[in-house]
Amino acid sequence: MITLHHVAFSRSFRVLWLLEELGLEFDVKTYSIRDGSLRDPAFLAISPGGRVPALQIDGQMLFESGAIVQWLCEQYPKAGLIPGVGAPERAAFLEMLGFAETMASLIENLNLSHIFLRDPAQASPTVLKLTTARLGATLAGLEARLGAQEYLLSTGFSGADAMMGFNLFAAPYYVKMDPFPQLRAYGERLEARPAFQAARARDGEQDFYTQDFYSIPETT
Ligand SMILES: N[C@@H](CCC(=O)N[C@@H](CS)C(=O)NCC(=O)O)C(=O)O
C-alpha cells in the first residue's frame with residue numbers, strides 16, 4: 001500500500017510523476033496549502049516541516065522529495081532510473097537532485113512574496129528583483145549544462161528529470177523562457193511522456209497562481 005501526501009502543482013508532483021514512471025499503484029491524499037491542514041499535528045507527525053511530498057510506503061513514512069526520488073529509484077532498480085554506485089553518471093544524478101532544490105527554493109521565495117503574503121505589496125521589490133535574477137541564473141546554468149542532450153543524464157530519462165522537471169513548469173510564472181530554447185524543448189519532451197500525462201491527470205488543479213506571469217513591481 002502506497003500513499004502520497006500531495007498538494008496540486010507542488011513539489012509532490014515530482015513523486016506523483018515518478019510513481020507513474022515506475023508503474024506502481026498508489027493512493028493520493030490531497031491537501032490545500034492555505035487551509036492549515038499541513039500544520040495539523042497529525043500531518044506534522046508525518047512530515048516534521050509540514051511540507052509535501054510525504055510518502056507512506058512499505059510501512060515507512062518518507063519526506064523530502066529528493067530523498068524520496070532517490071529512495072524509489074534505488075528500491076526499483078530494474079526501472080533503470082538511477083545510475084548505481086560507481087556508475088559514471090551517479091554524481092551528475094545526485095548533483096541534479098540538489099540543483100533542483102536550489103532552483104525550487106527560489107521559486108518558493110517568489111511564491112511567498114507574490115502570492116502567499118497577505119499583502120503582496122509589502123514584498124521588497126529589491127529582494128524580488130534579486131531572487132528573480134537568481135532564478136534566471138539557475139535556468140541559464142541548466143540550459144548550458146543540458147545543451148543538446150535529451151535528458152539530464154546522457155543515459156536517458158532518470159529520476160533526476162522528475163525532480164527537475166517540475167521546476168520548469170513553475171519557473172515561467174516568474175522568468176520568461178525565451179532565452180532558454182533547450183529547456184523549452186526539454187520541457188516539451190518531459191510533458192510528452194505518458195507517465196507525465198498520467199500524473200497530470202491525478203495532480204488536481206492548482207489554486208494559487210491567478211496570473212500567467214508575475215512581474216517585478218516598479219520601484220519608486
Ligand atoms: N525540500 C522539500 C521542500 C518541500 C516543500 O516546501 N513543499 C512545499 C510545496 S512545493 C510545501 O509543502 N509548502 C507548505 C508550506 O510551506 O507551508 C522537498 O523537496 O520535499
Side-chain angles (χ1 to χ4, degrees), residues 2-22 26 28-57 60-75 81-82 93-118 120 123 127 131-132 134-135 138-139 142 152 158-175 187 190 196 199-200 202-210 214:
I2 301 176
T3 303
L4 172 66
H5 297 263
H6 175 65
V7 167
F9 207 78
S10 80
R11 282 153 163 128
S12 49
F13 182 77
R14 295 163 164 167
V15 177
L16 178 56
W17 176 11
L18 185 57
L19 290 167
E20 292 288 353
E21 292 281 354
L22 291 168
F26 59 98
V28 177
K29 185 167 168 27
T30 300
Y31 298 78
S32 164
I33 218 159
R34 295 185 191 272
D35 67 1
S37 52
L38 298 180
R39 296 293 175 273
D40 187 283
F43 185 73
L44 290 175
I46 293 172
S47 177
R51 308 288 188 103
V52 291
L55 187 71
Q56 197 168 0
I57 182 166
Q60 298 191 71
M61 191 62 86
L62 310 177
F63 60 94
E64 281 293 332
S65 59
I68 297 172
V69 164
Q70 183 174 349
W71 189 90
L72 281 172
C73 292
E74 287 176 343
Q75 205 70 5
L81 297 181
I82 186 169
F93 177 94
L94 296 174
E95 280 173 345
M96 286 299 135
L97 293 194
F99 192 39
E101 267 308 271
T102 297
M103 196 185 284
S105 64
L106 294 164
I107 296 170
E108 175 183 328
N109 285 337
L110 291 169
N111 286 343
L112 289 173
S113 300
H114 281 285
I115 293 165
F116 293 114
L117 261 189
R118 197 160 292 153
V127 174
T131 309
T132 305
R134 283 163 66 80
L135 175 59
T138 61
L139 291 165
L142 188 65
L152 293 177
S158 72
D161 296 297
M163 186 74 188
M164 183 65 82
F166 164 73
N167 295 346
L168 297 183
F169 302 100
Y173 284 99
Y174 301 117
V175 175
L190 295 175
F196 180 97
R200 276 297 295 126
R202 295 186 74 175
D203 186 16
E205 284 306 313
Q206 65 86 15
D207 64 358
F208 31 90
Y209 297 114
T210 56
Y214 291 82

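Both ligands and their constituent atoms are indexed starting at 1 by order of listing. Note that the structure is a prediction, hence the values are computed from the model and not measured.
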Margin query: Assess the residue pair H6 and Y31 against the criterion (side-chain hydrogen bond (donor to acceptor under 3.5 Å, both in side chains)); give the C-alpha distance rounded to whole Å, side-chain angles, the decisive distance to 0.1 Å, and a yes or no.
Written below: CA-CA 6 Å; H6 175 65; Y31 298 78; over 6 Å; no
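- Note on residues 101-117: pairs passing salt bridge (Lys or Arg N to Asp or Glu O under 4.0 Å), not counting sequence neighbours, are R11-E101, R11-E108, R14-E101, R51-E108.
- The residue from L55, I82, I2, L62 that alone fulfils the side-chain contact (heavy atoms from CB on, under 4.5 Å) condition with L72 is L55.
- Protein residues with a heavy atom under 4.0 Å from ligand 1 are S10, R11, R14, I33, L38, R39, G50, R51, V52, P53, E64, S65, E101, E108.
- Geometrically, R202 engages F26 in a cation-pi contact defined by less than 6.0 Å to the ring centre and at most 45° from the axis.
- Between the side chains of Y173 and N111, no donor-acceptor pair is found at a separation under 3.5 Å.
- H114 and Y214 have tilted rings, their planes meeting at an angle from 30° to 60° on a 0 to 90° scale.
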